[in-house]
Amino acid sequence: MRLVVIGMVAMMATSATAQVSAAPPPPPIAVPSATRVPPPVFSPSPGDLRGLPVTSIMVRMMLGKRILWNGPLNIGGNGVARISVNEPVDRPDDCNASPENRAYRQIELSINSQTYRSGNMPEYRLSARYVRPGEGADCPMGTRTIAIDQGFSLDGRKSFLFEGDGGMQVQIMLQ
C-alpha cells in the first residue's frame, strides 16, 4: 500500500511540473527609448552669492527687566550667528533625587542671513527662545517656553526691538 501512495505522489508531482513547464513564456515588454532632457538653468539671486556683508551687532535678550543674555555677534556672510545656554536651575533637595527631576533653563538665539530671489524679503531671520522649568507643586514637572521668530532687514536703522509674549524682548543694535 505504501508503494502505491508514494507512486501517486510522485506521479502527481511529475504532472504538475509538466504543466508548469508547458506554459508559453510571456511576451516581451516594449520599452520606449529615453529622450535626453537638458539640465535645469538656475538664475542667480539678485544679491551677492557669497552672502550678505558681515556686520557687527550688540544683542540684548530680556525677560521683563531681567537680562537673559547680552553680547556681541557678527551676522551676515552665508552663516548663522548663534548662542545657546543650557544651565541647571536650583530645585528643592528632594526633587533632585532622580535625573528626570533635574531642571534646566535654556536660552537660544540665532540670526540667519537669507538671500532670496525677490528683493521684497527680509535679509535676516531672528529666532529667540527661552525655556524654564514649570512652576507649582513641590517638584514641578515640565517646562514653559517663550519664543520669537521674526524676519528683519537692515534698512538704515541703528536699533531694532522685537517683543514676544510674557515680557520677552530682543534688542539688536548696530555697532
Side-chain angles (χ1 to χ4, degrees), residues 36-175:
R36 294 184 70 74
V37 177
V41 177
F42 296 102
S43 59
S45 64
D48 185 350
L49 294 177
R50 291 171 298 189
L52 298 166
V54 175
T55 304
S56 296
I57 60 173
M58 284 296 294
V59 180
R60 179 178 293 140
M61 186 171 167
M62 299 179 67
L63 187 62
K65 295 186 186 257
R66 183 172 155 212
I67 296 175
L68 300 174
W69 188 82
N70 187 39
L73 290 176
N74 288 332
I75 60 173
N78 278 330
V80 176
R82 175 176 303 166
I83 63 107
S84 180
V85 178
N86 190 15
E87 58 188 4
V89 176
D90 197 21
R91 306 272 301 240
D93 289 336
D94 56 340
C95 290
N96 290 329
S98 62
E100 65 270 7
N101 285 333
R102 293 198 179 115
Y104 291 89
R105 164 178 103 126
Q106 298 173 343
I107 300 166
E108 296 177 1
L109 180 105
S110 67
I111 301 176
N112 299 6
S113 58
Q114 322 181 104
T115 306
Y116 290 104
R117 295 181 195 282
S118 167
N120 299 333
M121 300 300 287
E123 297 171 306
Y124 298 96
R125 173 142 309 275
L126 164 72
S127 180
R129 188 170 81 114
Y130 176 67
V131 181
R132 65 170 176 79
E135 296 175 350
D138 294 336
C139 294
M141 302 297 284
T143 60
R144 305 298 178 263
T145 303
I146 303 171
I148 298 173
D149 189 21
Q150 176 92 35
F152 69 99
S153 294
L154 298 180
D155 54 6
R157 293 187 287 166
K158 296 289 184 191
S159 179
F160 301 86
L161 180 64
F162 303 97
E163 298 186 40
D165 295 337
M168 182 176 176
Q169 294 182 339
V170 176
Q171 183 177 17
I172 297 174
M173 297 154 285
L174 297 176
Q175 293 185 334

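Here the structure is a predicted model, which is why all the values come from computation and not from measurement.
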Considering all heavy atoms of both residues, which atom of [X] and which atom of [Y] are nearest to each other, and what is their separation?
X: Gly166; Y: Leu63; result: O-CD1, 3.3 Å
X: Met168; Y: Tyr130; result: CE-N, 4.4 Å
X: Ala128; Y: Met61; result: CB-CE, 4.2 Å
X: Trp69; Y: Ile107; result: CB-CG2, 4.4 Å
X: Ser113; Y: Gly77; result: OG-O, 2.8 Å
X: Asp165; Y: Ile146; result: O-CG2, 3.2 Å

Contacts of [X] that satisfy side-chain contact (heavy atoms from CB on, under 4.5 Å) - sequence neighbours left out:
X: Gln106; answer: Asn86, Glu108, Arg129, Val131
X: Gln150; answer: Ile148, Phe162
X: Met173; answer: Met58, Ser159, Gln171

Would you compute the distance between atom [atom1] of [X] and atom [atom2] of [Y] and round it to the nearest 0.5 angstrom?
X: Thr55; Y: Asn74; atom1: OG1; atom2: CG; answer: 8.5 Å
X: Gln169; Y: Ile67; atom1: CD; atom2: CD1; answer: 11.0 Å
X: Leu68; Y: Met62; atom1: CG; atom2: CE; answer: 8.5 Å
X: Lys158; Y: Leu174; atom1: NZ; atom2: CG; answer: 6.0 Å
X: Arg105; Y: Glu87; atom1: CZ; atom2: CD; answer: 4.0 Å
X: Ile57; Y: Tyr124; atom1: CD1; atom2: OH; answer: 8.5 Å

Q) Is Ile172 close to Ile111 at the side-chain level, that is, under 4.5 Å between some pair of heavy atoms? A)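 Result yes, sub-4.5 Å side-chain heavy-atom pair found.
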Q. Does some side-chain heavy atom of Leu73 sit less than 4.5 Å from a side-chain heavy atom of Leu109?
A.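 Yes. Closest side-chain heavy atoms under 4.5 Å.
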Q | Pair Phe160-Leu154, side chain to side chain contact (heavy atoms under 4.5 Å, CB included): steps then yes or no | A | CA-CA 9 Å; Phe160 301 86; Leu154 298 180; 3.7 Å; yes
Q) Any sub-3.5 Å donor-acceptor pair from Ser127's side-chain atoms to Ser110's backbone N or O? A)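 Looks like no, no N/O pair under 3.5 Å.
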Q. Taking Ser153 for the side chain and Glu123 for the main chain, is one N or O donor matched with an acceptor at less than 3.5 Å?
A.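 Present.
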